[in-house]
Enquirer: 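One structure follows; several queries about it will come next.
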Amino acid sequence: MRKIMLRDYFLNKVEEALIKAVKANKLGQMNEYQKGSLIVEKPKNPDFGDFAINVSSLARSAKIAPPMIANAIVEFIEKEDNEYTVVAGFINFKAGETLLINLIKEIIDKKSNFGRPENVETEKIILEYISANPTGPFHIGHGRWAAMGSALANLLKFYGHEVYQEFYINDAGSQIQKLGRSLIIRVKQELGDDIDFPTDEEERKNYYPGDYLIPVAQAFLQKYPDTTLENIDKIELSTFCDFAKEYEEKVQRDLLDKLHVEFDNFYSELTLHNSGKVKHYVDKLTQSGKIYEKDGATWFRSSDYGDDQDRVIKKVDGSNTYLTADIAYHADKLERGFDRMIDIWGADHHGYIPRVKASLEALGYDPNKLEVLLGQLVNLVIDGNEVRMGKRKNMVTLEDLVDEVGVDATRFWMSMRNIDTTLDFDIELAKKSSDENPVFYVQYAHARACSIIRNAVNDRIDTQSGETIKAVMSESDFNSLLNNFNQDIVKLTLKEARKIILKLEEFKHLIVTSARDRQVYTICRYVQDLAAEFHSFYNSTRVITDDKSLTSARLAIVYAFKTVLANALRILAVSAPERM
RNA sequence: GCCCUGGUAGCUCAGCUGGAUAGAGCAACCGCCUUCUAAGCGGUAGGUCAUGCGUUCGAAUCGCAUCCAGGGUACCA
């Protein structure tokens, strides 16, 4: 039997009936139906049904009133055991038991693959995110891209796309020189010199005065123990640059591991220069006449492709701009055979989009293959006060945050808002183990479900009487319940479980829309709704009873619930604990 | 000035390519543990969808204008 989403099942039924109705001349002046002009929605009021289609849009061509259209269509529907009702211009649909019990069967059969769409078009996608300078620890903002990017990768993979996750290391620019110079000062300090960073604000901008370079200086002296204040100035700057860079890259990657953010590749900007690729693409642009010299600099004619103005790619001092390497980098991604590039950038880079797209077009590529997801920034809320994350000042590092609130809370909170919304990260809330904290609420539901299953298959002790209560079924009984699942038993508990089954069904649609929209916050919302539905079911319905068939039916619901919840949490890379 | 986001309940946010009475969580208030995890559940209250005009049978949703907030407007990244 074909597994299909309820809403598509309903839509198909209506469209088939509609075509028949048109042929039978029952729809006024309407003599043709264009597929796709009807949409399925969820009624706000559940009394109307599980899904609804508004046929008012057909009134224009049919020239009869919407209720008449709806009634005419419903007459041609093969209803099976589902319920169709007409209210005003709406055709309401309420799923019958066959569809619902089949759904539980589908979950139990597919397990971790439940929700993965079938027969969809997939692409080979390169997803780039975070892409920080290796000049210091990640800050809070990087955490948002880390959580969203890796969850998006998981989502797109689950959908069926081939996803390659890449971190672009900006290890070539003047930032690295700055880093090396700063390390020299820290090393000198370690050696007892009374030196410090310049106090003049302008000069200070040429350094990274943060404390985080102190341990790097100590590590440097361990590696180069012969370093003294007398000979330090003879050591090449690049030695300091390389050491600090490698150290910070290691710090960054360790944190990514901790956060379960898994890149397929770290792409060094330096290799882009050294391999000649930057020069190659600049030459290509030059050949096509898109490069010119002005005021001693070299410019790219990006305004030919919709950018506000032309952009410098080689400065007066002969060095490249950030854009120059980025042009080569994006062209190289396409040369590596990807159908689509998705980049996650901070909103502060939005002005950058037209020039990168311009470069792709100028090089003869399709600029639409680049999709830039612009993320609004993160504000930290501490004790109810908003602490704005400046570029350098009062920087709370991501690592501090993770140590404070944990990996699961960090990942969930960083993913739970629409990417277009500035994220308020309330540290106190994220730490709480209560219903104020959605992460705990969701995880608790999973642990609770696991606990029920444990109690069903294990003997347990009555805390009041101290007597042993026999397990209602053995572990192997439970396994055969799942392995030879007979969906008909679900009928026994359909009344109580109806709502949660529909919520479980929604997961299939969720994957399709979330993947299409490149949004992961919808997954966060879903797990909260799903958990709420389960908690409600739990409170109203006793699972383990003396009635073995009924117990089996409800255990199947509990198992299906925890399976789907775990699938959703796996996308978010938030753990689904067995007990709490 | 121009460009990008956002403005919905006390707070944080949903609201899909316009549709049935505007939704959730938290906070507030009232209830629910002799039974599988009360880290939970049920209920009540709470809104001029920033403002104005327009398109439409119908607008929180689309268009224009205005106001407010954040970001950008580099030969920084």
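The shown structure was predicted, so the numbers you read here are calculated from the model rather than taken from an experiment. Below, chains carry the letters A, B, ... as their sequence lines are ordered, and counting in each starts from 1.
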Enquirer: If you assign A:Ala297 and A:Thr421 each to the RNA chain B nucleotide with the nearest heavy atom, which residue ends up on the more 5' nucleotide?
Expert: A:Thr421
Enquirer: Taking the same atom, P, in B:G15 and in B:C76, what whole-Å distance lies between them?
Expert: 39 Å
Enquirer: Does the ring of A:Phe90 meet both stacking tests against the six-membered base ring of B:A20: centre distance under 5.5 Å and plane angle under 30°?
Expert: yes
Enquirer: The side chain of A:Ser451 is closest to which nucleotide in this list: B:G42, B:U37, B:U35?
Expert: B:U37
Enquirer: What is the distance, rounded to the nearest whole Å, between atom CD1 of A:Ile313 and atom P of B:C75?
Expert: 13 Å
Enquirer: Provide the distance between the two P atoms, one in B:G43 and one in B:G10, to the nearest whole Å.
Expert: 22 Å
Enquirer: Assign A:Asn54 to base, sugar-phosphate, or nothing according to its heavy-atom contacts below 4.0 angstrom with the strands shown.
Expert: base
Enquirer: Can you identify which nucleotide, out of B:A77, B:G40, B:G42, has its nearest atom closest to the A:His535 side chain?
Expert: B:G40
Enquirer: Checking contacts here: which listed nucleotide (B:A38, B:G71, B:G42) is nearest the side-chain heavy atoms of A:Leu377?
Expert: B:G71
Enquirer: With C1' as the reference atom in both, quote the distance from B:C4 to B:U21 in angstrom, rounded to an integer.
Expert: 36 Å
Enquirer: Could you check which nucleotide pairs with B:G52 in any of the strands shown, counting Watson-Crick or G-U wobble with both distances under 3.5 Å?
Expert: B:C64
Enquirer: Let's test this: given Watson-Crick or G-U wobble pairing with both distances under 3.5 Å, identify the partner of B:U44.
Expert: B:A28
Enquirer: Taking atom P in both B:U8 and B:C3, what distance in whole Å separates the two?
Expert: 24 Å
Enquirer: Give a yes-or-no answer on whether the side chains of A:Asp408 and A:Gln443 include a donor-acceptor pair shorter than 3.5 Å.
Expert: yes
Enquirer: Would you measure the distance from the P atom in B:C16 across to the matching atom in B:U73 and give it in whole Å?
Expert: 32 Å
Enquirer: Tell me yes or no: between the side chains of A:Thr493 and A:Glu496, is some donor less than 3.5 Å from an acceptor?
Expert: yes
Enquirer: Which listed nucleotide (B:A77, B:U37, B:A20) is nearest to the side chain of A:Ala447?
Expert: B:U37
Enquirer: Contact class for A:Ala445 (heavy atom, under 4.0 Å): base, sugar-phosphate, or nothing?
Expert: nothing
Enquirer: Would you say the side chains of A:Thr468 and A:Asp459 form a donor-acceptor pair under 3.5 Å?
Expert: no
Enquirer: Determine the interatomic distance between C1' on B:U34 and the same-named atom on B:A39; round to the nearest Å.
Expert: 22 Å
Enquirer: Within the structure, does a side-chain N or O atom of A:Tyr538 lie under 4.0 Å from either OP1 or OP2 of B:A38?
Expert: yes
Enquirer: Going by a 90° cut-off around 0, is B:C33 syn or anti?
Expert: syn
Enquirer: Looking for any heavy atom pair under 4.0 Å, which part of the strands does A:Thr541 touch: base, sugar-phosphate only, or nothing?
Expert: base
Enquirer: Can you tell me the base-pairing partner of B:A22? Count Watson-Crick or G-U wobble geometry only, both distances below 3.5 Å, and say none if there is no partner.
Expert: none
Enquirer: Under 3.5 Å, is there a donor on one side chain and an acceptor on the other for A:Glu506 and A:Tyr526?
Expert: no
Enquirer: May I ask you to say what A:Asn92 touches in the nucleic acid, namely base, sugar-phosphate or nothing, with a heavy-atom cut-off under 4.0 Å?
Expert: base
Enquirer: Which listed nucleotide (B:C13, B:C41, B:U5) is nearest to the side chain of A:Arg525?
Expert: B:C13
Enquirer: Heavy atoms under 4.0 Å, any strand shown: does A:Ala59 hit a base, just sugar-phosphate, or nothing?
Expert: nothing
Enquirer: For B:C41, take OP1 and OP2 only and decide whether either is under 4.0 Å from a side-chain N or O of A:Tyr441.
Expert: yes
Enquirer: So, is A:Lys315 near the phosphate of B:C76, with a side-chain N or O under 4.0 Å from OP1 or OP2?
Expert: yes
Enquirer: Counting Watson-Crick and G-U wobble pairs only, both distances under 3.5 Å, name the nucleotide matched with B:U35, or none.
Expert: none
Enquirer: Closest to the A:Leu374 side chain: B:U17, B:C4, B:A77?
Expert: B:C4
Enquirer: A:Val87 side chain: which of B:U17, B:U12, B:A20 is closest?
Expert: B:A20
Enquirer: May I ask which nucleotide in the shown strands pairs with B:A69, Watson-Crick or G-U wobble, both distances under 3.5 Å?
Expert: B:U5
Enquirer: Want to settle it: does A:Phe48 or A:Asp295 sit nearer the 5' end of RNA chain B, counting the closest nucleotide to each?
Expert: A:Phe48
Enquirer: Picking from B:G42, B:A20, B:C75, which would you name as closest to the side chain of A:Thr321?
Expert: B:C75
Enquirer: Atom CD1 of A:Ile39 to atom C1' of B:U61: distance rounded to whole Å?
Expert: 12 Å
Enquirer: Please indicate whether A:Met68 has more than 12 foreign heavy atoms, meaning atoms of other residues, nucleotides or ligands, lying under 6.0 Å from its CE.
Expert: no
Enquirer: Is there a side-chain polar atom (N or O) of A:Arg448 under 4.0 Å from OP1 or OP2 of B:A38?
Expert: yes
Enquirer: Side-chain N or O of A:Asn539 less than 4.0 angstrom from OP1 or OP2 on B:C32?
Expert: no
Enquirer: Take atom CG of A:Asp47 and atom P of B:U21, then tell me their distance rounded to the nearest Å.
Expert: 13 Å
Enquirer: Please state how far atom CG in A:Leu510 lies from atom P in B:C16, giving the value in whole angstrom units.
Expert: 15 Å
Enquirer: Would you state whether a donor and an acceptor, one from the side chain of A:Asp348 and one from the base of B:A77, lie under 3.5 Å apart?
Expert: no
Enquirer: Would you mind reading off the distance between A:Glu41 atom CD and B:U61 atom C1', rounded to a whole angstrom?
Expert: 13 Å
Enquirer: Measure from the ring center of A:Tyr267 to the ring center of A:Tyr329 and say whether it is less than 6.0 Å.
Expert: yes
Enquirer: How about NZ on A:Lys314, more than 12 heavy atoms from neighbouring residues, nucleotides or ligands closer than 6.0 Å, or not?
Expert: no
Enquirer: Give the rounded distance in Å between these two atoms: CZ of A:Phe167 and P of B:A77.
Expert: 17 Å
Enquirer: Whether the A:Gln376 and A:Asp420 side chains hold a donor-acceptor pair (N or O, under 3.5 Å, no angle test) is what I'd like checked.
Expert: no
Enquirer: Is the phosphate of B:G19, meaning OP1 or OP2, less than 4.0 Å from a side-chain N or O of A:Lys42?
Expert: no
Enquirer: Reckon A:Ile353 touches a base, only the sugar-phosphate, or nothing at all at heavy-atom distances under 4.0 Å?
Expert: nothing
Enquirer: Answer with yes or no whether the side chains of A:Glu248 and A:Tyr208 bring together a donor and an acceptor at under 3.5 Å.
Expert: no
Enquirer: For A:Asp47, does the CG atom have more than 12 heavy-atom neighbours from other residues, nucleotides or ligands under 6.0 Å away?
Expert: yes
Enquirer: Of all the choices, B:C75, B:C16, B:G72, which nucleotide is nearest to the side chain of A:His350 once you look at every atom?
Expert: B:G72
Enquirer: For the side chain of A:Ile544, starting at C-beta, report the closest nucleotide among B:A77, B:C36, B:A38.
Expert: B:C36
Enquirer: Just how far, in rounded Å, is C1' of B:G40 from CZ of A:Phe534?
Expert: 11 Å
Enquirer: Give me the distance, rounded to whole Å, that separates B:A65 from B:A28 when you measure between the C1' atoms they each carry.
Expert: 40 Å
Enquirer: Just name whichever nucleotide pairs with B:C75, Watson-Crick or G-U, keeping both distances under 3.5 Å, else none.
Expert: none
Enquirer: Can you check the distance between B:A59 and B:A50, where both ends of the measurement are the P atom (answer in whole Å)?
Expert: 15 Å
